[in-house]
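Have a look at the structure below before the remarks.
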Amino acid sequence: MGILISGVALGVLALVEWSMEVARVLAGVLCLAAAPLFLVRRRSRVARVSAYALGGIGVFGLAVSSGVLWAGHEFGVFGVF
């Protein structure tokens with residue numbers, strides 16, 4: 001029974017690590033999507049608000065996912081595979 005629980009726990013940790021990697025990639029894509037909106041339409045209010053929203057969500061997502069991944073690797077949570 002203990003081996004089964006251990007296997008399930010390792011599977012959940014692997015899923016969390018994978019989802020954080022995907023979240024980091026998606027946050028980077030949001031940051032890249034915000035860059036042209038900053039450069040192309042500086043005078044359009046909708047583009048400016050969209051750029052700030054996409055950039056803010058992207059930077060926040062990068063910070064959170066990178067922090068979780070760093071802490072997991074630093075404390076040995078994700079390095080058990």
Side-chain angles (χ1 to χ4, degrees):
M1 186 69 171
I3 294 173
L4 179 65
I5 292 172
S6 177
V8 171
L10 288 176
V12 169
L13 286 175
L15 185 63
V16 168
E17 184 180 15
W18 177 79
S19 64
M20 286 294 112
E21 291 286 346
V22 170
R24 189 165 62 169
V25 169
L26 291 177
V29 168
L30 284 178
C31 287
L32 289 175
L37 291 175
F38 276 119
L39 298 175
V40 174
R41 296 188 176 180
R42 282 192 157 268
R43 296 178 191 210
S44 173
R45 181 170 175 83
V46 173
R48 191 170 47 234
V49 169
S50 299
Y52 284 128
L54 288 175
I57 292 169
V59 169
F60 180 74
L62 279 172
V64 169
S65 61
S66 295
V68 168
L69 285 171
W70 175 82
H73 286 288
E74 189 70 23
F75 295 124
V77 175
F78 293 144
V80 295
F81 305 111

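Below, all heavy atoms of this structure are taken into account, side chains as well, without hydrogens, waters or symmetry copies.
Both L15 and L26 sit in one connected hydrophobic cluster of ILVMFWY residues. Membership requires side-chain heavy atoms under 4.5 Å apart, directly or through other members.
Across all their heavy atoms, A51 and A34 have their closest contact at O-CB, 3.6 Å. Residues L13 and F78 approach most closely at O-CE2, 3.7 Å, considering heavy atoms. Counting all heavy atoms, side chain and backbone alike, G58 lies closest to C31 at C-SG, 3.5 Å.
Residue pairs meeting the side-chain hydrogen bond (donor to acceptor under 3.5 Å, both in side chains) criterion with at least one partner in residues 21-38, sequence neighbours excluded, are E21-R24.
The only member of V29, L32, L37 that meets side chain to side chain contact (heavy atoms under 4.5 Å, CB included) when paired with L54 is L37.
Rounding to the nearest 0.5 Å places CD1 of I57 at 12.0 Å from CG of L62. Annotation: the span from E74 atom CD to L69 atom CG amounts to 12.5 Å, rounded to 0.5 Å.
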